[in-house]
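Below is one structure; the comments refer to it alone.
Atoms considered below: every heavy atom in the structure, side chains included; atoms not considered: hydrogens, waters and symmetry mates.
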Amino acid sequence: MSPNGSDRSPRRTMRRKLPQALALGLVIATATGCSANDLPRLGLPTPVTKEGPMVLQMWQGSWIAALVVGALMWGLIIWSVIFHRRSRSKVEIPAQTRYNVPIEALYTAVPLVIVSVLFYFVARDESRLTSTSAKPQHYVNVVGFQWSWAFNYENTEKPDPANTDAAYDVGTPALPPTLYLPINESVEFRLTSRDVIHDFWPVNFLMKMDVVPGVVNKFQVTPTAFGTFRGKCAELCGVDHSRMLFNVKVVTHDEYEQHLKELQAKGQTGAVPSGITTMGSEK
């Protein structure tokens, strides 16, 4: 009996309120929305390609799954602390569940189900993001080198000498290059390296891929937002790795074509088949 005459002690009231508070916290954490636009981005930048929201939704889904599992585990821990403490049960050692086959099977099956579901969604989205079966509207051969980038526009890793539309641009650590792309038009990146392993990462594309010597990696994107966005190398490639930067500028189709003409007017016609003739660190 409590001092005010009620048989409801503050401790008993707290025990009743705790599950309600945990449930409310779980709802607030997970019911903030159902789409990439409704949920917070949880540290990821705003996607600016048609493929970007797929990555964002996978990221958000992983966080929701982690929150649900975390809330369940914390709930079980708190429940055990409150309802199985020795002062309440007067039992020195609570009932043990060793050799309980159904419970041990459950302990094994639940993690397997969680991992299998996450693996399914990761494999499904990865196959979509790396698919290059569709014919793109543009090709760009991205050449990584220590320590900058070259962009061979309208050329693959095997440049066509008869291609009159092609042009190239080359950067240095002191003067990072800018990659121009037309909005709402698909582009396939063909990634090659002339020295060590790099990693091509246009940050707001939510997509990056290794640039490996002797290997041609590729992926396709379709930019959907105007603007200038940051890019960098995401693979430690040498002493000036931190200076291996570039920009991505999404423009109209006419501005893209004009940029290629300006490069050609400067003598940067065709492509640089094997990267560039001098190392970027020499300038």
Side-chain angles (χ1 to χ4, degrees), residues 22-75 110-134 136 140 142 144 149 179 181 183-189 191 197-212 217-237 241-242 244-250:
L22 290 174
L24 179 60
L26 180 61
V27 171
I28 293 174
T30 60
T32 54
C34 300
S35 69
N37 294 327
D38 297 329
L39 280 168
R41 289 180 284 106
L42 299 168
L44 285 188
T46 302
V48 295
T49 64
K50 185 176 71 174
E51 297 77 13
M54 186 188 307
V55 179
L56 180 58
Q57 289 172 5
M58 186 63 197
W59 175 251
Q60 293 168 331
S62 300
W63 269 97
I64 291 174
L67 285 171
V68 171
V69 173
L72 176 61
M73 292 300 100
W74 276 104
V110 170
L112 285 175
V113 171
I114 294 174
V115 172
S116 299
V117 170
L118 290 176
F119 178 81
Y120 165 77
F121 285 108
V122 170
R124 183 198 65 180
D125 291 350
E126 181 183 10
S127 65
R128 294 177 181 176
L129 290 169
T130 58
S131 173
T132 56
S133 58
V140 178
V142 177
W149 303 90
L179 172 63
L181 296 175
I183 194 168
N184 295 325
E185 296 182 14
S186 60
V187 56
E188 180 171 302
F189 296 116
L191 311 177
I197 297 177
H198 303 283
D199 194 290
F200 180 65
W201 184 22
V203 177
N204 285 81
F205 285 16
L206 304 190
M207 180 71 177
K208 61 182 178 180
M209 187 171 285
D210 278 351
V211 186
V212 182
N217 288 331
K218 54 189 176 180
F219 68 94
Q220 296 180 1
V221 297
T222 302
T224 56
F226 290 111
T228 301
F229 310 99
R230 296 178 299 112
K232 61 181 70 177
C233 176
E235 185 82 27
L236 183 59
C237 56
H241 160 72
S242 62
M244 195 167 170
L245 308 174
F246 64 94
N247 294 309
V248 180
K249 189 169 185 177
V250 181

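For NZ of Lys249, the number of neighbouring non-hydrogen atoms (other residues, nucleotides, ligands) closer than 6.0 Å is 12 at most. The number of heavy-atom neighbours closer than 6.0 Å to CZ of Arg230, taken from other residues, nucleotides and ligands shown, is 12 or below.
Here the CD-OG distance, from Glu126 to Ser131, works out to 12.0 Å after rounding to the nearest 0.5 Å. Here OG of Ser186 is found 9.0 Å from CD of Glu51. Values are rounded to the nearest 0.5 Å. Put simply, CE on Met54 and CZ on Phe121 are 12.5 Å apart, with the number rounded to the nearest 0.5 Å. With rounding to the nearest 0.5 Å, the separation of CG in Leu44 from CG in Asn204 is 10.0 Å. The CG atom of Leu42 sits 8.0 Å away from atom CG of Leu56, with the distance rounded to the nearest 0.5 Å. Atoms CG and NZ, on Leu191 and Lys208 in that order, are 13.5 Å from each other to the nearest 0.5 Å.
Taking each heavy atom of Pro53 and Thr49 in turn, the nearest pair found is CD-O, 3.2 Å. Looking at every heavy atom in both residues, Ala234 comes nearest to Trp201 through CB-CE3, 3.8 Å.
Val248 has its side chain within reach of Phe205: a pair of non-hydrogen atoms, C-beta onward, lies under 4.5 Å apart. For the pair Val211/Asp199, no side-chain contact is recorded, criterion being any heavy-atom separation below 4.5 Å from C-beta on. The shortest side-chain heavy-atom distance between Thr130 and Met207 falls under the 4.5 Å cut-off. Val212 has its side chain within reach of Asn217: a pair of non-hydrogen atoms, C-beta onward, lies under 4.5 Å apart. Side-chain contact between Lys232 and Met244 is absent, with no heavy atoms from C-beta onward closer than 4.5 Å. Side-chain contact between Leu118 and Tyr120: absent, with no pair of heavy atoms (C-beta onward) separated by less than 4.5 Å. Residues Pro45 and Leu206 form a side-chain contact, since some pair of their non-hydrogen atoms from C-beta on lies under 4.5 Å apart.
Between the Ser62 side chain and the Met58 main chain, a donor and an acceptor come within less than 3.5 Å of each other. Judged by distance alone, the side chain of His241 and the main-chain N or O of Glu235 form a donor-acceptor pair under 3.5 Å.
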Under 3.5 Å, side-chain donor or acceptor atoms of residues 220-229 against the rest of the protein: list the pairs with distances, not counting sequence neighbours.
{"residue": "Gln220", "atom": "NE2", "partner": "Ala134", "partner atom": "O", "Å": "2.8"}
{"residue": "Gln220", "atom": "NE2", "partner": "Glu188", "partner atom": "OE1", "Å": "2.6"}
{"residue": "Thr224", "atom": "OG1", "partner": "Val48", "partner atom": "O", "Å": "3.2"}

In sequence, state the C-alpha distance, the side-chain angles, and the governing distance for Asp125 and Val55, and then conclude on side chain to side chain contact (heavy atoms under 4.5 Å, CB included). CA-CA 8 Å; Asp125 291 350; Val55 179; over 6 Å; no
What verdict does the side chain to side chain contact (heavy atoms under 4.5 Å, CB included) test give for Cys233 and Trp149, after you've listed the backbone C-alpha separation in whole Å, the side-chain angles of each residue and the deciding distance to 0.1 Å? CA-CA 9 Å; Cys233 176; Trp149 303 90; 3.8 Å; yes
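Here Phe189 pairs with Phe200, Phe219 under the ring pair (Phe, Tyr, Trp, His ring centres under 6.0 Å) rule; sequence neighbours left out.
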